[in-house]
Each structure stands twice: as C-alpha cells, then as structure tokens.
Amino acid sequence: MSASSSHPASGKPHGVFAGLRNWLLLPSWSIICIFVLAPIAIMLVYSFLTKEFRGGVIWEFTFAAYDQFFLNRGLFGDEPVKIEWTYINIFWRSIWQALLATVICLLIGFPTAYYIATRPASTRTIWLFMVTVPYWVNLLIRTVSMKFLIRDNGPINEWLLALDMINEPIHLINTPIAVQLGLFYSYLPFMVLPLYASIERYDHSLSEAAADLYASKWFTLWHIIVPSVKPGIVAGCILVFIPSLGAFLAPDLLGGAKNFMIGSLIEEQFKGTAGNWPFGAAASMILLSAVLLVLMWYARSTSRARTKRGRGSE
Amino acid sequence: MNKSLKDIRHYFGFLPITILCLTLLYGPLIIVMIYSFNDSQSITIWGGFSLRWYEDVFFGLEAPKFKKAAFNSFSIALMAATTATTVATCAAIAMVRGGQFRGKGITFGLINLPIMVPEIVTAVATLIFFSTIGFKAGYATILVAHIAFCIPFAYLPISARLQGIDESYEEAAVDLYATRLQAFFQVLMPLMLPGIISGFLLAFVISLDDFIITNFVKGAGVETLPTAIFGAVKQGIKPNIMAISTLLLFLSIVIVTFSYLINKSGEKQ
C-alpha cells in the first residue's frame with residue numbers, strides 16, 4: 001500500500017496529506033465495499049437461486065425469478081409460453097409515474113429557481129432557506145401529511161363541501177393521481193436546488209445581448225437561458241427521477257394495492273405476504289439496471305458537454 | 001443595476017409559480033401542525049385549541065413505545081452521523097488533497113454509491129447480506145446500514161468546503177515544524193469546521209429520516225420513530241401522530257436553521 005501511494009506519474013506527490021491518501025481512503029472504501037457493494041453482488045446471486053417458502057432461498061441455480069417476471073407458463077408450467085404482463089405493467093407504471101413527476105417538478109421548479117436566483121442577494125438567501133426547509137423534513141411525515149390533506153374526509157374535502165363548491169368529496173386517495181401528488185411533493189426540493197445552483201451562475205448580460213438583437217423574452221428563455229443552465233436541469237431531473245422510480249412510501253400510503261409501483265412489489269417479497277426472495281432480488285436487479293442506464297446516459301451527456309465546451313474555448 | 005436589466009431578468013408568471021411551489025411544499029405541513037392542536041377526538045372536526053395530543057405523546061398509553069423508538073432513532077442517528085462524518089472527512093482530505101491518482105474516479109463513484117442506488121435496492125441487498133452472513137437483525141444492523149448510506153451525505157459538504165481552503169495553510173504549519181497530526185487538528189480542521197458540521201447535520205437528518213432501509217433490516221421488536229409512525233399510520237392517522245409529526249417538523253427547522261447559520265458564518269471568514 002505504501003508503495004502505490006508515493007509515486008504517481010508526475011513524481012512524488014506534494015501536499016501535506018498526500019502521502020497518507022490510501023490510509024485516509026481505507027475506511028470509506030471498506031465500509032462501502034463491504035456493506036453496499038458486496039450486498040448488491042450477493043443480491044445478484046440470490047436472484048438466480050430457488051425460492052424457499054416464507055422467505056429465504058435454496059442454493060440451487062435457476063432462472064425462475066426472471067422467468068416469473070417476464071413470462072407466463074400457466075399455473076402448472078405446461079402451457080405455451082406467453083409474455084407475463086403483470087410485472088412489466090407495474091414497471092411501466094413506475095417509469096411513467098416517475099417521468100411525470102420529473103416533468104411536473106421541472107415545470108414548477110424551474111420558474112421557482114429562476115425567480116429566487118434573480119432576487120437581490122439579501123432576500124435571495126431567505127427564499128432559498130424557505131425552499132430548503134422541506135428537504136430536511138422527514139419524508140414519511142410529508143407523505144402522511146399529504147394523505148391527511150387529501151383523504152375523502154380530509155380538510156380539503158371538508159372545506160370544499162362546507163363552501164358548497166362540491167356536492168360529494170373528491171375521491172383522490174388510492175388513485176394514480178394521489179401517487180403522483182405524493183411523488184411530486186416528496187422530490188420537488190431535489191429539483192429546485194440544483195436548478196438554482198445553475199441559474200445563479202447564469203450571466204444575464206447574455207439575455208441583455210439577446211434583447212438588444214430584438215429577441216423576444218420567451219425566445220431568450222428557450223434558446224439562451226435553458227441551454228445555458230442545461231447541466232442543472234439534467235441534474236435536477238436525475239435527482240427526481242431515480243428516487244421516484246424506486247419510491248415506496250408514496251405508492252404505499254397514497255396509492256393502495258391497486259397502484260403498485262416497483263418499490264411496493266419488491267417490498268412485498270420481503271416484508272409482505274409474498275415472501276419470494278429470489279423474485280424480489282430479481283425485481284431489484286431490474287430496477288437497478290434501469291437506474292444504471294439513466295446514470296450512464298447522464299455521465300455520457302455531461303462528458304460530451306464538457307468536451308464541447310473545451311473545444312469552444314480553444 | 002439599471003431598470004432595463006431588471007426588466008430583462010423578469011418573467012411574467014414566475015412569481016405566482018414560486019408562491020404556488022411554496023404553498024404546495026408548506027400547505028400539508030402547516031395543516032397537520034394546526035390539527036395537532038385540535039381538541040376534538042375526531043381528527044377532521046375542529047374542537048378548539050388544546051395540547052392534549054402532546055400530553056398523549058409524552059404520557060399517554062402509547063408513550064413508552066414512542067419513547068423507546070425515539071431513543072433508538074436519536075442514538076442511531078448520533079452514532080451513525082459521527083462515524084460517517086469522521087470517515088467522510090478522511091476521504092475528503094484524500095480526494096481533495098491527494099492529487100491525481102489512479103482510481104480517483106472510481107473512488108468518487110464508490111463514495112457516492114449509496115446516493116445513486118435506489119434506497120429500496122440498498123435495503124434488499126443489506127437484508128440479504130445480513131441474512132447470508134447469519135447476522136441477527138436488530139439495533140446493530142440498523143446502525144451499520146445507516147453508517148454506510150450516511151457517508152456520501154456527509155462527504156459532499158465537507159469536500160466542498162475543503163476545496164475552498166488554500167493548501168498554503170497546512171504547508172505553512174508543516175514548514176513551522178508542526179506534525180501532520182498537529183497540522184490537521186490545529187490548522188486544517190478549524191478551517192473545515194463549517195463543512196464538517198453541515199456534513200454531520202445532514203447525515204444526522206438523513207439517518208433520522210430513513211424508513212425503507214431501517215424497515216428492512218430492523219428485525220422484530222426494534223423500532224425507530226419512522227417505522228413506529230408508519231406502523232401506527234397503517235391503522236389510520238390519529239391526532240397523536242400529528243403531534244409527533246409537528247415535533248419532528250420543529251426539530252428539522254431547528255437543525256436546518258443551525259446549519260444555515262453555521263454556513264453563513266463560514267462564508268464571512
């Protein structure tokens with residue numbers, strides 16, 4: 001270990017702490033490798049094992065879990081193979097809900113972040129503080145608050161009834177709309193903060209130049225501001241999309257059994273009545289693969305943007 | 001700033017959307033807060049102001065259960081955040097002050113892995129891991145899982161702070177015959193302190209907040225506040241839950257204000 005720490009290509013490292021680098025990294029490396037990376041590897045193995053009833057596995061290799069996710073062979077496994085839509089549909093529903101939540105967060109988050117970033121420095125911090133506070137509030141409590149608010153006999157319905165604006169309560173709980181509300185409510189701060197960081201660095205003389213050349217304001221917004229702050233938009237979208245895709249609390253508390261998302265499906269395999277560990281592991285692997293695809297696309301798009309910018313400055 | 005530039009920056013409709021955004025963020029929380037002071041047994045009919053549900057939380061029938069859960073939550077959050085902050089501070093010094101080295105990108109990815117992997121996947125993986133090595137689920141498994149996923153949350157503010165500190169400080173200390181340990185504890189650490197405190201507070205809140213991973217690795221009998229609240233909510237939202245929620249809400253506001261003030265004083269230096 002000491003051999004590798006003392007000579008990178010450029011000669012001896014300077015800096016007071018450079019020589020200790022590997023020792024300083026050892027705790028984080030070992031904790032994350034042992035308690036995050038290794039468990040994911042074991043989970044991958046589990047997804048190819050045979051299920052034991054009521055949890056646990058039998059150490060026999062099989063594709064049964066993935067087979068169950070994608071294919072339908074009938075109750076006794078002897079019918080012609082069809083595609084099993086149940087789980088694919090749950091997966092699709094999760095992707096759609098997560099995409100929709102991302103779009104709604106962007107539509108509300110962008111104007112908010114822009115408005116805050118263009119405030120004078122003295123009030124800007126107060127606005128920013130107000131947007132930050134909900135991020136620190138317990139997610140479960142926020143979800144429960146949303147549930148309390150939109151219940152059939154919750155305050156909103158009671159008030160609307162009392163004001164004679166509706167004749168019967170608006171039924172929201174256990175619908176896809178309630179799940180959407182919950183997702184969007186849970187992850188909105190994740191959108192505003194990176195957007196704000198990006199917009200704050202935007203040079204408003206560009207807008208001024210555009211206005212001098214007779215560009216309309218909305219043209220400027222779409223063709224100048226949005227492309228300039230794209231890294232923030234992409235980062236915000238990723239930060240909303242990924243947790244929404246694997247969300248458990250919002251679909252479970254607000255959606256009920258009919259609006260399962262993949263997070264609830266996985267939970268059911270371990271904590272619920274289903275008790276099929278290999279199937280839960282397989283569903284987790286499928287979710288993880290989807291997330292990795294999104295992150296790879298993100299890494300590629302940011303590195304491409306960087307090389308483009310590098311060439312532009314030459 | 002002249003008026004025309006101000007005009008160019010201004011977009012019609014952005015202020016109402018900002019207000020809508022804040023209303024959406026705060027509305028549900030404020031309503032729950034108001035109803036937690038409701039005197040009525042039924043949770044939607046307003047029966048006047050009262051503190052009876054707060055009394056119920058501290059001295060009522062379910063009080064021992066919630067007290068035990070709160071103790072577990074806070075002790076785990078304290079230990080997990082302390083460990084994660086220490087580990088993350090070491091990692092930040094290595095990453096920011098270690099120069100270019102092979103595997104720097106991979107190390108960065110590894111440290112941030114718990115943020116990138118969906119929580120439910122980490123939860124499943126951790127449950128399977130502990131079950132495979134035959135470790136009994138309980139207090140210790142929750143603590144270990146929390147330490148692992150708190151590391152990146154502590155790391156980000158600490159490394160951001162360290163990037164803004166010039167290397168000449170610790171170099172000057174070593175030139176004046178300070179040992180590396182002295183250079184760290186007497187020169188670098190005081191400068192890093194705002195970042196370290198922010199990192200600790202963020203890790204503390206993230207640990208306190210966690211439901212999914214805790215729910216998977218907690219085993220029977222051990223509850224934290226979120227799992228206890230979740231269990232209670234499954235049987236319907238009762239007013240005492242709203243009182244607990246309001247208390248936790250205030251705690252969050254205190255912590256975020258504290259973190260904000262620390263950062264502000266750090267910027268002034």
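The sequence lines fix the lettering, A, B, ..., with proteins before strands; numbering per chain opens at 1.
At a 4.5 Å heavy-atom cutoff, the contact between B/I151 and chain A is made by side-chain atoms alone. Proximity to chain A (any heavy atom under 4.5 Å) is shown, for B/N215, by both the backbone and the side chain. Using a 4.5 Å cut-off between heavy atoms, A/I32 contacts chain B through its side chain alone, with no backbone atom that close. If you measure heavy-atom distances from B/L25 to chain A, the contacts under 4.5 Å come from both the backbone and the side chain. Heavy atoms of A/L24 lying under 4.5 Å from chain B belong to its backbone as well as its side chain. Only the side chain of B/L20 comes within contact range of chain A, with heavy atoms under 4.5 Å apart. Residue contact with chain B, scored on non-hydrogen atoms closer than 4.5 Å, involves the side chain of A/L253 exclusively. Contact of B/E170 with chain A is made through backbone and side chain together, with heavy-atom distances under 4.5 Å. Heavy atoms of A/V137 lying under 4.5 Å from chain B belong to its backbone as well as its side chain. Only the side chain of B/L22 comes within contact range of chain A, judged by heavy atoms closer than 4.5 Å. B/V121 touches chain A through backbone and side chain together, each having a heavy atom under 4.5 Å away. Neither the backbone nor the side chain of B/Y155 comes within contact range of chain A; no heavy atom of the residue lies under 4.5 Å from a heavy atom of that chain. The contact between B/I17 and chain A is made by backbone and side chain atoms together, counting heavy-atom distances below 4.5 Å. With a 4.5 Å cut-off on non-hydrogen atoms, B/F149 does not touch chain A at all. Proximity to chain B (any heavy atom under 4.5 Å) is shown, for A/K217, by both the backbone and the side chain. Only the side chain of A/I225 comes within less than 4.5 Å of a heavy atom in chain B; its backbone stays farther off. At a 4.5 Å heavy-atom cutoff, the contact between A/L295 and chain B is made by side-chain atoms alone.
Nearest approach of B/P226 to A/N138, heavy atoms of both residues: CG-ND2, 4.0 Å. Smallest separation of non-hydrogen atoms from B/T18 and A/P111: OG1-O, 3.9 Å. For B/I120 against A/G263, the heavy-atom pair with the smallest separation is CD1-O, 3.4 Å. Taking every heavy atom of both residues into account, A/G19 and B/R180 meet most closely at CA-NH1, 4.4 Å.
B/L127 is not listed as a side-chain neighbour of A/M43, based on a closest heavy-atom distance of 4.5 Å or more. You'll find the side chain of A/Y46 reaches within 4.5 Å of the side chain of B/S131, heavy atoms only. No side-chain heavy atom of A/T118 sits less than 4.5 Å from a side-chain heavy atom of B/Y11. Side-chain contact between B/L202 and A/W136 is present, with at least one heavy-atom pair separated by less than 4.5 Å. Two residues are said to be in side-chain contact when any heavy atoms from C-beta on lie closer than 4.5 Å; A/V144 and B/F230 fail this criterion. B/F211 places none of its side-chain heavy atoms less than 4.5 Å from the side chain of A/T143. Counting heavy atoms from C-beta on, the side chains of B/P118 and A/L245 never come closer than 4.5 Å. Here the side chains of A/F270 and B/I128 are in contact, with some heavy-atom distance below 4.5 Å.
Under the 30°/60° scheme for interplanar angles, the aromatic rings of B/Y35 and A/F148 are found to stand perpendicular. Below 30°, between 30° and 60°, or above 60°: for A/W218 and B/F14 the angle between ring planes is above 60°, a perpendicular geometry.
Interface summary for chain A: among B/T122, B/T132, B/T126, the most heavy-atom pairs under 4.5 angstrom belong to B/T132. The choice from A/P120, A/P39, A/A211 that makes the most heavy-atom pairs within less than 4.5 Å of chain B is A/P39. Chain B forms the most heavy-atom pairs under 4.5 Å with one residue out of A/L37, A/I266, A/I40, A/L221, and that residue is A/L221. For the set A/I42, A/V131, A/V133, A/L107, the count of heavy-atom pairs under 4.5 angstrom toward chain B peaks at A/V133. When A/D252, A/L128, A/T220 are compared by the number of non-hydrogen pairs under 4.5 Å with chain B, A/D252 comes out ahead.
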| request: Let me see the working for A/R151 and B/I237 under side chain to side chain contact (heavy atoms under 4.5 Å, CB included), right down to the final yes or no. | output: CA-CA 10 Å; A/R151 286 176 331 144; B/I237 306 174; 4.3 Å; yes

| field | Candidate pair A/L288 and B/V117, rule side chain to side chain contact (heavy atoms under 4.5 Å, CB included), full reasoning | value | CA-CA 7 Å; A/L288 185 60; B/V117 175; 3.8 Å; yes

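At least one donor-acceptor pair closer than 3.5 Å links the side chain of B/D209 to the backbone N or O of A/L139. Between the side chain of B/Y26 and the backbone N or O of A/M130 there is at least one donor-acceptor pair closer than 3.5 Å. Listed for the A/R21 side chain is a donor-acceptor partner under 3.5 Å among the backbone atoms of B/G98.
For the side chain to side chain contact (heavy atoms under 4.5 Å, CB included) test, residues two or more places apart in sequence or in another chain that qualify with B/T257 are A/F129, B/I253, B/L261.
Counting non-hydrogen atoms of other residues, nucleotides and ligands closer than 6.0 Å to CH2 of A/W222 gives a total of 12 or fewer. No more than 12 heavy atoms of other residues, nucleotides or ligands shown are found within 6.0 angstrom of CD1 on B/I106.
When the heavy atoms of residues 140-147 of chain B are compared with those of chain A, the residues falling under 4.5 Å are B/V144, B/I147, listed by number. Using a 4.5 Å cut-off between non-hydrogen atoms, the part of residues 85-92 of chain B that approaches chain A consists of B/V87, B/C90, B/A91.
Counting only residues at least two apart or on different chains, no side chain to side chain donor-acceptor pair (under 3.5 Å) pair has a member in residues 126-135 of chain A.
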